[in-house]
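Some notes on the structure that comes next.
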Amino acid sequence: MRNLIRMDLYRMARLTMFWGCLIITFALALGTAPFEKLMFRLASSLSSEAVEPFPAEAQLSAILKDPFPVLGLMLAFLSLCSFFHADVENGYIKNIAGQMPQKGYTILSKFVAALVHNLVFAAAAIIGKMGGTLIVQRLVVDSSIPDSVRILLLKLLLIQSICAILLLVVSTFRNKSLGMILAVLFGLGLTSLIYFGINQGLRPVFGESVDISKYMPDSVMDEDPLDTVKAILTALITGAVFLMLAIRIFDRKDVH
């Protein structure tokens, strides 16, 4: 299993999509603060009223608790979909799965590799945001950092549970196109229409008050304040359910 994970990490590091999305994520994060200052100056120049100056300081805690720039999370999910489907596209999934006691080990290995992937993207986004902030502001180490670290870890856990959903769609069902669509919807926070449709189907059975969006990882991730217990339970339940489905179904499928 360890060798399989190492092979997946090596394969991931060789993907052009991985490096392309990572570089764009870093660049977007690096440009966030300078772009905000530019927009602030443009708005100030167009306003006839006196406007307060652009803040001279930025808190490190604000960067840690919300590391991904606009489009950053979507880019991470798109990179993951490309990685999850790479062994099928390149035609060597049968050779890999045939060497495992259970074919589902390949799914579990990708899930573990996805954790490393997400940590790399989060680190690139945080470093990029810090670098961009230092160009236009002073970065202040404030007292809210411990709570921001808590929020960051919870968000990474919730993101990992979304990876289990993408794994089921892309690796088990081998539907990269649908996975890419879900990556965009999850990354941009546009899943409300999906949840609305599911709610409409469930309400005749469970009543009008049912709303699954309250317990889905991408919705929980956007809550402020982010509740620790709810976030952990949501991530563990969602991740376990979809990961087990992905492994069980893949074990029963013919690999070709």
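Note that these values count all heavy atoms, side chains included, but never hydrogens, waters or copies made by symmetry. Because the structure is predicted, anything quoted here is derived from the model rather than measured.
- Put simply, the side chain of Pro67 reaches to within 4.5 Å of the side chain of Leu152, judged on heavy atoms.
- With Ser79 contributing its side chain and Leu75 its backbone, the two residues share no donor-acceptor pair below 3.5 Å.
- Linking Ile, Leu, Val, Met, Phe, Trp and Tyr whenever their side-chain heavy atoms come within less than 4.5 Å leaves Ile63 and Val140 in two separate clusters.
- A donor-acceptor contact shorter than 3.5 Å links the side chain of Ser171 to the backbone of Phe84.
- Qualifying ring pair (Phe, Tyr, Trp, His ring centres under 6.0 Å) partners for Tyr215, counting only residues two or more places apart in sequence or in other chains: none.
- Pairs passing the salt bridge (charged side-chain N to carboxylate O under 4.0 Å, His left out) check and including a residue from residues 207-224, sequence neighbours excluded, read Glu223-Lys230.
- The nearest pair of heavy atoms linking Leu64 to Val149 is CD1-CG2, 4.3 Å.
- Heavy atoms only, all atoms of each residue included: Val170 and Gly179 are closest at CG2-CA, 3.7 Å.
- A distance of 7.5 Å separates CG in Leu9 from OG in Ser109, rounded to the nearest 0.5 Å.
- Within 6.0 Å of the OH atom in Tyr195, the count of heavy atoms belonging to other residues, nucleotides or ligands exceeds 12.
- The backbone N or O of Ala231 lies less than 3.5 Å from no partner atom in the side chain of Thr234, so there is not a single donor-acceptor pair.
- In this structure, Phe242 is a member of the same hydrophobic cluster as Val112, with clusters built from ILVMFWY side-chain heavy atoms closer than 4.5 Å.
- Atom CD1 of Ile162 sits about 10.5 Å away from atom CG of Leu157, to the nearest 0.5 Å.
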### Task
Applying side chain to side chain contact (heavy atoms under 4.5 Å, CB included), run through Phe35 and Val70 and close with a yes or a no.
CA-CA 12 Å; Phe35 181 76; Val70 60; over 6 Å; no
### Query
Given the rule in the side chain to side chain contact (heavy atoms under 4.5 Å, CB included) test, do Phe186 and Ile165 qualify, once you have shown the distances and angles that lead to the verdict?
CA-CA 11 Å; Phe186 279 125; Ile165 299 175; 4.0 Å; yes
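- If you take CG on Leu71 and CG on Leu28, they are separated by 6.0 Å, rounding to the nearest 0.5 Å.
- Placement of Ile135 and Leu139 in two distinct hydrophobic clusters is found when ILVMFWY residues are connected by side-chain heavy-atom separations under 4.5 Å, directly or transitively.
- In terms of heavy-atom proximity, Ala183 sits nearest to Leu166 at N-CD2, 4.2 Å.
- Residue Met180 holds its CE atom at 11.0 Å from CG of Asn175, rounded to the nearest 0.5 Å.
- Between Asn199 and Ile212 the shortest heavy-atom distance is OD1-N, 3.0 Å.
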### Worked check of side chain to side chain contact (heavy atoms under 4.5 Å, CB included) between Thr133 and Leu60
CA-CA 10 Å; Thr133 300; Leu60 179 59; over 6 Å; no
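- Val136 approaches Pro34 most closely through the heavy-atom pair CG1-CA, 4.0 Å.
- Not a single donor-acceptor pair under 3.5 Å links the side chain of Lys110 to the backbone N or O of Phe83.
- Side-chain heavy atoms closer than 4.5 Å link hydrophobic residues (I, L, V, M, F, W, Y) into clusters, and following such links, even through other members, never connects Leu115 to Leu4.
- The shortest distance between side-chain heavy atoms of Ile159 and Phe68 falls below 4.5 Å.
- Residues Ala246 and Thr172 share a closest heavy-atom pair of O-OG1, 3.0 Å.
- Among pairs with a residue in residues 134-146, those fulfilling salt bridge (charged side-chain N to carboxylate O under 4.0 Å, His left out) read Glu57-Arg138, at least two apart in sequence or across chains.
- With respect to the salt-bridge test (charged N to carboxylate O, under 4.0 angstrom), the residues Arg248 and Asp251 do not qualify.
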Which atom pairs, one a donor and one an acceptor, fall under 3.5 Å between side chains of residues 13-27 and the rest of the protein, sequence neighbours left out?
residue : atom : partner : partner atom : Å
Trp19   : NE1  : Ala13   : O            : 2.5
Thr25   : OG1  : Cys21   : O            : 2.8

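- Remark: Met221 CE to Leu73 CG distance equals 5.5 Å, nearest 0.5 Å.
- For Leu108, the side chain to side chain contact (heavy atoms under 4.5 Å, CB included) criterion is met by Met1, Leu243, Ile247, not counting sequence neighbours.
- By the rule that hydrophobic residues join a cluster once side-chain heavy atoms approach within less than 4.5 Å of another member, Leu226 and Leu236 end up as members of one cluster.
- Atoms CG and CE, from Leu158 and Met216 in turn, are 11.0 Å apart once rounded to the nearest 0.5 Å.
- Applying the salt bridge (charged side-chain N to carboxylate O under 4.0 Å, His left out) test to every pair with at least one member in residues 17-45, sequence neighbours left out, gives no pairs at all.
- With Lys155 contributing its side chain and Lys65 its backbone, the two residues share a donor-acceptor pair below 3.5 Å.
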### Task
Verify side chain to side chain contact (heavy atoms under 4.5 Å, CB included) between Leu182 and Phe77, making sure each step is shown before the conclusion.
CA-CA 9 Å; Leu182 289 176; Phe77 286 147; over 6 Å; no
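- Side-chain atoms of Gln160 come within 3.5 Å of backbone atoms of Phe111 as a donor-acceptor pair (strictly under, hydrogens ignored).
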